[in-house]
Amino acid sequence: MTTSVSPRGRHDARDDDATSVIPAIDGDQTSVIAAIDVDQTSVIPAIDVNQTSVIPQFADATSVLPAILDEPSAAPGTDSTDGADGKLYDSRAWRTRDRRRRSGGPVRTTARVLGEILITLGLVVLLFAVYEVYGKTAIINSHQNQLDQQLQSSWSGPTPTPTNSSGGKSAAPLAPLPGDAVARLYIPKLKKHWVVVEGVSLKDIRFAPGHYPGTALPGAIGNFAVAGHRVPAIFWDLNEVQKSDTIVVETKDNWYVYTVTVNEIVTPHSVEVIAPTPDEPGVKPSAAMLTLTTCNPKWDNYQRMVVHAKLVSTTPHSAGAPVALGS
Amino acid sequence: MYAWIWRTLPFGRWGKVLGAALLIAGLGLLFWYVIFPAIDPLLPFNDVQVTPGTTP
């Protein structure tokens with residue numbers, strides 16, 4: 001006689017001596033937990049729509065715990081869940097219950113895909129923010145290296161002389177073409193330097209500060225005006241360049257050292273800042289000035305930040321870098 | 001969508017991990033070197049940066 005309780009209702013020969021309520025495990029079974037279909041997204045058996053409660057209903061049951069039967073029940077394979085024939089609990093019925101996938105359905109799938117797409121887009125935007133700082137800096141630096149070499153080779157090459165020059169150093173050098181490297185600009189306070197190109201269109205200033213066409217050349221009486229993007233690799237920290245800071249410009253012939261006179265915020269249309277006499281349009285220039293312009297605030301462009309500087313010294317190129325540049 | 005990608009990647013668990021890593025790296029590089037440089041000039045805060053008064 002068996003004292004075991006086989007909830008499946010089966011009566012194994014092995015059960016004969018068992019004294020526990022835990023169902024005997026089949027030799028090949030690797031787990032007591034019902035095998036889960038790989039696509040199933042929940043372990044909890046799906047509830048039949050018509051079912052009004054999760055707890056299986058047993059007609060004669062007075063509790064949900066399976067009762068311990070003292071006699072073998074019906075033959076294996078019956079899926080009955082009511083208690084009419086004395087079998088109160090058939091775990092196979094749980095497992096084989098209709099496992100309609102509740103995670104399917106068009107509405108739920110659409111919502112899930114939409115959510116995943118939105119999260120992905122958020123990550124892309126974050127990546128873009130990182131690119132704006134680090135990616136563009138790398139691109140600008142590599143272009144600056146190219147421009148450096150371009151400048152070096154154009155300075156060490158022969159000086160193009162205008163046809164009406166009387167020989168020697170050309171008094172009126174040929175106007176550089178847009179995009180050509182013109183000079184080097186150093187700001188020791190920011191520990192940065194750039195090759196300045198000619199022109200201030202978006203294409204020209206994309207990777208380097210640009211020289212406003214028509215304004216003076218470095219060291220000449222007038223206003224050597226330069227525009228640069230407010231990006232980390234170019235004029236990002238221009239707000240730190242204040243009165244009496246040094247700016248150095250290097251051309252093929254000379255080193256020019258300028259001292260900052262003012263750092264101001266103006267409207268985008270203040271063309272007077274690049275006039276030959278800064279802020280005084282129409283007045284004939286009497287000093288050699290330098291003007292740097294960029295956007296303000298840092299990520300917007302409804303203002304401009306303008307730095308004016310006046311020339312303090314000119315030394316020939318062969319004399320080497322000025323003291324202001326340090327070692 | 002991601003569940004589908006995971007299921008579709010071949011070569012077992014480690015194959016999926018590797019495949020996912022390759023996908024992420026590939027997409028990341030595509031964005032960084034191709035798509036971002038292309039859309040960067042089109043963005044509003046890069047507009048007409050520093051030319052006071054002159055609107056091209």
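All values below come from the heavy atoms of this structure, side chains included, with hydrogens, waters and symmetry mates left out. Convention: sequence-line order gives letters A, B, ...; per-chain numbering from 1.
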* **Straight-line distance of A:K136 NZ to B:F36 CZ, nearest 0.5 Å** =>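 If I round to the nearest 0.5 Å, the distance is 12.0 Å.
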* **Spacing of CG belonging to A:L123 relative to CG belonging to B:L27, to within rounding of 0.5 Å** =>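 Result: 11.5 Å between the selected atoms.
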* To do: Anything under 30° is parallel, anything over 60° is perpendicular, the rest tilted; go ahead and classify B:W32 against A:Y131.
  =>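 It falls in the perpendicular class, over 60°.
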* Is any side-chain heavy atom of B:I35 less than 4.5 Å from a side-chain heavy atom of A:F128? -> no
* To do: Examine whether an atom of A:I117 lies under 4.5 Å from a heavy atom of chain B, and if so say whether it belongs to the side chain, the backbone or both; otherwise answer neither.
  =>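 Both backbone and side chain.
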* Under 4.5 Å heavy-atom distance to chain B, tell me which part of A:V124 shows up: side chain, backbone, both or neither. =>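 Contact with chain B is through both the backbone and side chain of A:V124.
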* Structure fact -> Minimal heavy-atom distance between B:M1 and A:V113, with the atoms involved, is N-CG2, 4.1 Å
* **Contact leader toward chain A among B:Y33, B:F31, B:Y2, B:W4, where contacts are heavy-atom pairs under 4.5 Å** => B:Y2
* Take atom NE2 in A:H143; do more than 12 heavy atoms of anything else shown fall under 6.0 Å from it? -> yes
* Asked: Counting heavy atoms not belonging to A:K192, are there more than 12 under 6.0 Å from its NZ?
  ->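 Atom NZ in A:K192 is crowded, with more than 12 foreign heavy atoms closer than 6.0 Å.
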